[in-house]
Amino acid sequence: MILKTNGERLWDSLMEMATIGPGERGGSRRLALTDADIEGRNLFRKWADEAGCTFRLDTMGNLFARRNGKNSEAPPVLAGSHLDTQPSGGRFDGILGVLGALEVVRSLNDHRVETDSPVEIAVWTNEEGARFPPAMMGSGVFAGIFEQADIYTHQDPEGITVEDELRRTKQLGESPCKLFQIRAYYELHIEQGPVLEAENTSIGVVTGGQGSYWTHITLQGQGSHAGTTPMNYRRDPIMGAARIISGMRDIVLKQPGAVGTVGRLETTPASINSIPGKVFFTVDNRHPDEEILANINQDLMKLVNSVCAEEGLENEFTNIWKAPTLNFHDECISKVRNAAESLGYTHRDIVSGAGHDACQINRIAPTGMIFIPCENGLSHDEAENTTPEQVAAGADVLLNAILASAGN
Ligand code: HGY
Ligand code: MN
Ligand code: MN
């Protein structure tokens, strides 16, 4: 049995969700566990309640909306993603996966289909890691990858802890955040890259994901006067950082497929006429091969030490997070591929360049992902966009992959 979703209803829900925590250029700003994030969660709860779901909230704020099946004891089929966004995020990254799963529940209701297994929509806490690193935090504690007690102490740049915000926003739920038996987990997501659009392909059958290293680097020099300090007297950390950042790009460009990003760069003090005493910056390196990624990290560490020796700087180099490469489950991959095939959508296998909650859940349950194209491959920017037709196609594939796992 091949069913279709109501793409227009899904698009309308995406656009209504986008009115919460609006960005300055048409995107979204709902950082994890901020009031805007909670407002978005509450709108989702309202919709899921109207669709007849019951709810569970766990001690990491992960939210589960359940649609019962014939066999209420059977392990559920989960589908979901995240509602938190980047600081200048888009209207689809994560949100499409949550509202796409809601559209599946709404469509099962419309078609009066009772699945064998229950179906649950998962809203994972703090997937982005933009406010509280690391990324994929709520799903990571659920999958036993991160320790909740440690994660509770992680702070945002203002020194507020994860636990503080879970309590303040009333997202610290009753259910223990630990894995329960899951029949399968599916996540619908925009590709966040240019491949599907460039090939005019509707569906990405995601076979795996690349590895990531997140690194914090602090360079300590000597603050001084911008006018009176001759250049050869200086121990200027921003000049060290400039050499390291440029050198990191050279290291990465030597490895086809590798990427390197400096997303945060902060000088202390930040004054036009003071040489900064300290510079902090972040590096995000990724590659589909773990050994190559580890070598990139080693080369970066050596570069930091050699530049600091020449510039008279001290440094702290901390890998705050290492995510391994991964392969999704063949069973789920083929259900996604068969669904796309039966629906007549063009499709191709693809490896995810981005991390997702599915990458965490993949460690403990059969997991699959579905990609749809996004305009110019853009994401983690307010220009992120896709089309109602592409959104509908993705939701149709999600519905039929879930049906194939949940039975009916
Ligand atoms: O960083 C990532 O890959 C994800 O989008 N949070
Ligand atoms: Mn995402
Ligand atoms: Mn993201």
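In listed order, ligands and their atoms are each counted from 1. Quick note: numbers below take in every heavy atom, side chains included, and nothing from hydrogens, waters or symmetry partners.
By the 4.0 Å N-to-carboxylate-O rule, Arg183 lies too far from Asp116 to be salt-bridged with it. Ion pairing between a basic and an acidic side chain is recognised when a charged N comes within 4.0 Å of a carboxylate O; Lys322 and Glu290 show no such pairing. The existence of a salt bridge linking Arg337 and Asp349 is confirmed by a sub-4.0 Å separation between a basic side-chain nitrogen and an acidic carboxylate oxygen.
Under 2.8 Å from the Mn ion (ligand 3) lies no N/O/S atom of Glu127, from backbone or side chain alike. Distance check for His356 against the Mn ion (ligand 2): none of its N/O/S atoms falls below 2.8 Å.
When the Mn ion (ligand 3) is compared with the N/O/S atoms of Asp93, atom OD2 turns out nearest. Looking at His380, its N, O or S atom nearest to the Mn ion (ligand 3) turns out to be NE2.
The nearest non-hydrogen atom to atom 3 (O) of ligand 1, considering only Gln192, Gln86, Arg286, comes from Arg286.
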(request) I would like to know whether Tyr152 and Phe132 meet ring pair (Phe, Tyr, Trp, His ring centres under 6.0 Å); could you show each step before the answer? (result) CA-CA 10 Å; Tyr152 270 11; Phe132 301 103; over 10 Å; no
(request) Applying ring pair (Phe, Tyr, Trp, His ring centres under 6.0 Å), run through Trp47 and Phe55 and close with a yes or a no. (result) CA-CA 12 Å; Trp47 287 335; Phe55 297 94; over 10 Å; no
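Close approach of ligand 1 to His380 (heavy-atom distance below 4.0 Å) involves ligand atoms 5 (O). Distances below 4.0 Å separate heavy atoms of Glu127 from the following atoms of ligand 1: 4 (C), 6 (N). Distances below 4.0 Å separate heavy atoms of Ala354 from the following atoms of ligand 1: 3 (O).
Rounded to 10 degrees, the NE2-metal-NE2 angle spanning His189 and His82 at the Mn ion (ligand 2) equals 120°.
Not one N or O of Trp214 is nearer than 3.5 Å to an N or O of ligand 1, by distance alone.
Here Asp37 contributes atom CG and Arg30 contributes atom CZ; the two are 7.5 Å apart, rounded to the nearest 0.5 Å.
Two residues are said to be in side-chain contact when any heavy atoms from C-beta on lie closer than 4.5 Å; Thr125 and Met137 fail this criterion.
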